[in-house]
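I have a structure I would like to understand better, so I am pasting it below and will then ask my questions one at a time.
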Amino acid sequence: MNALKIRRTAVAVAAAAVLPFTLAACSDSGDTKSAPPAAGDQAKTGESTPSDGAAMTGDKPFGAACAGVPKEGAGSFDGMAKDPVATAASNNPALSTLVAAVKQAGLVDTLNNAKDITVFAPTNDAFAKIPKADLDKVLADKEQLTKILTYHVVGQKLTPQQLENGSFETLQKGMVTTSGSGEAYKVNDTSNVVCGNVRTANANVYIVDTVLMPK
């Protein structure tokens, strides 16, 4: 009888001794499952999202006048990207005067068939800055009109970064200079880029607020 009591007491003591360790182990297991991600994992997640966002932003058109570009259809940014530059410009209402001038000079095929060019495209308002009598005179002089229009074209695709402090030969054989940063750029220190980094099938287009005159 005494031996049986001693045996039961020993088992109870052993169980009491083991129980705290069992509870502690269960508690540790629960903490492990609910633990937050490692600092390294958080850093990886934090780095990838802003980086991807910045890359996407750098690829998009920028500037106040971009808001006036149609949201859909052939004149939208997606639509213009599918057409060569003269055709793409003809679908943008803000460039109708430029398109008429290009047709008058017979440069539609020249621009559409060119490869990897940049066009500084004056808006209708840019042409409106020129006195009507002077503009009519230029439009009537095909040789002079061709010189002015080809002065707006550079024989390579320029990125915004290249415009920060650049000097480029045009198809007219003159030089244009560019300066600026971020989303603010000037051409020849007089013409502001109002909607830049617009892609067409064969050109990068920077819409400007002043007509450039060959030097």
Side-chain angles (χ1 to χ4, degrees), residues 61-158 163 168-178 185-188 190-215:
F62 62 83
C66 292
V69 174
K71 301 300 181 187
E72 55 186 28
S76 67
F77 291 127
D78 288 341
M80 291 177 73
K82 299 174 183 176
D83 291 322
V85 64
T87 302
S90 70
N91 294 317
N92 188 323
L95 301 177
S96 60
T97 305
L98 172 64
V99 171
V102 168
K103 290 179 179 178
Q104 184 75 12
L107 292 173
V108 172
D109 289 341
T110 299
L111 294 178
N112 276 349
N113 293 327
K115 292 184 179 180
D116 298 333
I117 59 175
T118 292
V119 176
F120 296 104
T123 62
N124 295 343
D125 290 340
F127 280 100
K129 293 180 181 180
I130 302 173
K132 187 177 185 307
D134 293 342
L135 181 58
D136 289 344
K137 184 177 179 180
V138 169
L139 291 174
D141 185 340
K142 186 174 180 179
E143 183 178 353
Q144 182 63 17
L145 181 60
T146 299
K147 287 180 180 179
I148 292 173
L149 293 177
T150 53
Y151 184 66
H152 289 74
V153 184
V154 173
Q156 60 178 302
K157 284 186 176 180
L158 300 177
L163 299 187
F168 309 99
E169 184 177 8
T170 69
L171 296 192
Q172 182 267 340
K173 300 303 180 183
M175 302 295 292
V176 292
T177 58
T178 59
Y185 295 93
K186 280 184 176 291
V187 185
N188 288 353
T190 58
S191 190
N192 297 296
V193 173
V194 293
C195 182
N197 207 29
V198 179
R199 309 295 178 86
T200 73
N202 67 329
N204 287 350
V205 177
Y206 293 88
I207 299 174
V208 294
D209 67 357
T210 304
V211 176
L212 306 173
M213 292 298 178
K215 297 179 179 180

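For reference, positions follow the sequence shown, starting with 1.
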Q: Find the distance between CD (Gln156) and CD1 (Ile117) and round it off to the nearest 0.5 Å.
A: 11.5 Å
Q | Worked verdict on Val208 versus Val193 for side-chain contact (heavy atoms from CB on, under 4.5 Å) | A | CA-CA 4 Å; Val208 294; Val193 173; 4.2 Å; yes
Q: Could you grab the distance from atom CD of Gln172 to atom CG of Leu149, nearest 0.5 Å is fine?
A: 11.0 Å
(Q) Measuring from atom CZ of Phe120 to atom OH of Tyr185, what distance do you get when rounded to the nearest 0.5 angstrom? (A) 11.5 Å
Q: Write down the atom of Tyr206, the atom of Gly196, and the distance for their closest heavy-atom approach.
A: CD2-CA, 3.5 Å
Q) Under the 3.5 angstrom rule, does the side chain of Asn204 hit a backbone N or O of Leu158 as a donor-acceptor pair? A) yes
Q: For residues 81-92, pull every pair meeting side-chain hydrogen bond (donor to acceptor under 3.5 Å, both in side chains), keeping only residues two or more places apart or in separate chains.
A: Thr87-Asn112
Q: Tell me, please, which residues at least two apart from Val138 pass side chain to side chain contact (heavy atoms under 4.5 Å, CB included).
A: Leu145, Ile148
Q | Considering all heavy atoms, the nearest Pro84-Asn202 contact | A | CA-OD1, 3.4 Å
Q | Value rounded to 0.5 Å, distance of CD in Gln104 from NZ in Lys142 | A | 8.5 Å
Q: Sort and list the pairs that fulfil side-chain hydrogen bond (donor to acceptor under 3.5 Å, both in side chains) and have at least one residue in residues 115-125, not counting sequence neighbours.
A: Ser96-Asn124, Thr97-Asn124
(Q) Going by the rule side chain to side chain contact (heavy atoms under 4.5 Å, CB included), which residues pair with Lys129 if we only count those two or more places apart in sequence or in a different chain? (A) Asp209, Thr210
Q) Which residues satisfy the side chain to side chain contact (heavy atoms under 4.5 Å, CB included) test with Glu72, sequence neighbours excluded? A) none
Q: Please round to the nearest 0.5 Å and tell me the distance separating atom OG1 of Thr178 and atom CZ of Phe168.
A: 4.5 Å
Q. Under 3.5 Å, side chain of Asn113 to main-chain N/O of Asp109, donor-acceptor pair present?
A. yes
Q: Enter the distance from Lys157:NZ to Arg199:CZ here, rounded to the nearest 0.5 Å.
A: 7.5 Å
Q.
Main chain of Val187, side chain of Ser191: is a donor-acceptor contact present, judged purely on distance under 3.5 Å?
A. no
Q. For Ala121 and Val205, which heavy atoms make the closest approach, and how far apart are they?
A. CB-CG1, 3.9 Å
Q: Kindly give the heavy-atom pair with the smallest separation between Gly75 and Met80, and that separation in Å.
A: O-SD, 3.7 Å
Q) Sequence neighbours excluded, which residues qualify as side chain to side chain contact (heavy atoms under 4.5 Å, CB included) partners of Asn188? A) Tyr151, Val176, Thr177, Thr190, Leu212, Lys215
